[in-house]
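First the structure, in the form of structure tokens, and then the observations on it.
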2 protein chains.
Amino acid sequence: MRKEAEIFEEYLKTKKLNLTKERKAILNQVFATNGHLEADEIFLRLKKDKKDVSRATVYRTLGLLVDSGLVRKVYLGEDHIHYEHTHGHTHHDHLVCIKCGKVIEFSDKKIEKLQALVCQESGFKELSHTVQIFGYCKDCKE
Amino acid sequence: MRKEAEIFEEYLKTKKLNLTKERKAILNQVFATNGHLEADEIFLRLKKDKKDVSRATVYRTLGLLVDSGLVRKVYLGEDHIHYEHTHGHTHHDHLVCIKCGKVIEFSDKKIEKLQALVCQESGFKELSHTVQIFGYCKDCKE
DNA sequence: CCCTTTTTGAGATTTAGTCTCAATCTAAAC
DNA sequence: GTTTAGATTGAGACTAAATCTCAAAAAGGG
Ligand SMILES: [Mn+2]
Ligand SMILES: [Mn+2]
Ligand SMILES: [Zn+2]
Ligand SMILES: [Zn+2]
């Protein structure tokens with residue numbers, strides 16, 4: 001498994017961009033966190049760590065990380081986007097509890113295969129997908 | 001197939017709310033449109049039709065329509081929500097072309113069944129789900 | 001060192017959506 | 001038909017996510 005900083009730097013090079021200390025700090029913060037992060041959380045954590053970076057740079061860098069394929073956006077039914085790193089994880093999708101907010105990850109090869117089939121039938125070239133199932137988790141249903 | 005206004009009125013009654021002319025205008029606008037609407041589009045169309053309704057009322061009523069089950073929110077990868085009416089349609093999900101913006105609808109019973117199975121295994125009670133597949137449509141891929 | 005390009009941060013801006021509140025409407029009770 | 005409590009609305013203030021602007025700073029290649 002190659003290190004994510006290495007991959008990111010390589011990606012940046014192809015765009016003639018540099019891996020600055022700000023970008024590295026954001027990368028590290030994203031990969032230090034398991035689960036689903038919001039942009040502002042990254043901004044605030046870096047501030048606490050005295051690795052201050054502006055909000056603009058956080059958003060700009062998240063965009064680069066998504067483009068590089070190391071990170072993806074996740075829509076969890078809220079009014080803002082979450083991010084999760086994908087490097088070193090198998091692809092998965094989400095069950096979202098609308099009561100307690102818990103997010104359960106699942107992956108299902110069969111579903112993925114059928115989705116690929118749907119795309120094939122439409123002549124559609126898939127780049128990514130997201131599946132969200134909203135409802136009540138085990139603890140919240142009744 | 002029961003008329004949507006009837007269903008909406010019934011739903012409103014259970015909440016001790018009335019089907020006002022503003023709510024009716026919004027309902028009509030939503031059901032007059034096939035495809036995916038944004039809140040502001042509804043606001044502007046009503047303005048053009050001289051059936052002026054405030055933005056606040058549009059958002060408030062869309063919330064009621066979603067709660068009533070006649071309409072659902074659709075996330076298409078943009079920074080705002082789309083709405084589509086569900087009454088009289090079979091459930092479907094979406095392929096979204098990231099180049100031309102086209103949205104292709106699909107439905108697949110097998111996928112739905114497998115999703116239900118995933119929920120069952122997690123003890124999760126599904127209320128709704130959305131699947132979005134992003135990529136290039138037939139005309140845009142190459 | 002010079003020169004060009006990249007990068008950044010502060011803060012302004014945009015935009016979706018929500019909230020407030022006073023005025024108006026509704027409907028049921030009298 | 002009057003009264004009255006509750007529902008409804010619109011204008012515009014407000015919030016929050018995300019983007020944009022632009023001048024200053026940093027980096028990189030000679
Ligand atoms: Mn996840
Ligand atoms: Mn649709
Ligand atoms: Zn829960
Ligand atoms: Zn297309």
Quick one: [X] [atom1] to [N] [atom2], roughly how many Å, whole number?
X: A:Ile42; N: D:dA18; atom1: CD1; atom2: P; value: 11 Å
X: B:Lys21; N: D:dT9; atom1: NZ; atom2: P; value: 8 Å
X: B:Arg23; N: D:dA7; atom1: CZ; atom2: P; value: 10 Å
X: B:Lys15; N: D:dT8; atom1: NZ; atom2: P; value: 12 Å
X: A:Lys16; N: C:dT4; atom1: NZ; atom2: P; value: 17 Å
X: A:Phe43; N: D:dA16; atom1: CZ; atom2: P; value: 15 Å
X: B:Asn18; N: C:dA28; atom1: CG; atom2: C1'; value: 11 Å
X: A:Asp40; N: D:dA18; atom1: CG; atom2: P; value: 9 Å

Residues in residues 48-61 of chain A with a heavy atom under 4.0 Å of DNA chain C, by number, are A:Asp52, A:Val53, A:Ser54, A:Ala56, A:Thr57, A:Arg60

Counting only non-hydrogen atoms, which of residues 62-87 of chain A are less than 4.0 Å from DNA chain C?
-> none

Using the ring of each side chain (for Trp, its six-membered ring), is A:Tyr75 parallel, tilted or perpendicular to A:Phe134, with breaks at 30° and 60°?
->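 Plane angle over 60°, so perpendicular.
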
Angle class for the A:His82/A:His80 ring planes (parallel below 30°, perpendicular above 60°, tilted otherwise)?
->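 Taking A:His80 first and then A:His82, their aromatic rings sit tilted (interplane angle of 30° to 60°).
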
Distance below 4.0 Å between B:Thr20 side-chain N/O and D:dT9 OP1 or OP2 = yes

Under a single-linkage definition using a 4.5 Å side-chain heavy-atom cutoff for Ile, Leu, Val, Met, Phe, Trp and Tyr, are A:Leu127 and A:Val71 assigned to the same hydrophobic cluster?
-> no

Given the rule that I, L, V, M, F, W and Y join up when any side-chain heavy atoms are under 4.5 Å apart, are B:Ile81 and B:Leu65 in one cluster?
->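 Yes, it is one cluster - the side chains of B:Ile81 and B:Leu65 are joined through contacts under 4.5 Å.
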
So, does B:Thr86 use its side chain to make a donor-acceptor pair with the main chain of B:Gly69 at under 3.5 Å?
-> yes

Within the distance-only criterion (no hydrogens, no angle test), does the side chain of A:Arg55 pair as donor or acceptor with the backbone N or O of A:Asp40 below 3.5 angstrom?
-> no

Minimum heavy-atom distance A:His85-A:Val30, with the two atoms named =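 What the structure gives for the nearest pair is ND1-O, 3.1 Å.
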
Give a yes-or-no answer on whether the side chains of A:Arg45 and A:Thr33 include a donor-acceptor pair shorter than 3.5 Å.
-> yes

Answer yes if the side chains of A:Gln132 and A:His94 hold a donor-acceptor pair under 3.5 Å, and no otherwise.
-> no

With heavy atoms under 4.0 Å as the rule, sort A:Glu38 into base, sugar-phosphate or nothing.
-> nothing

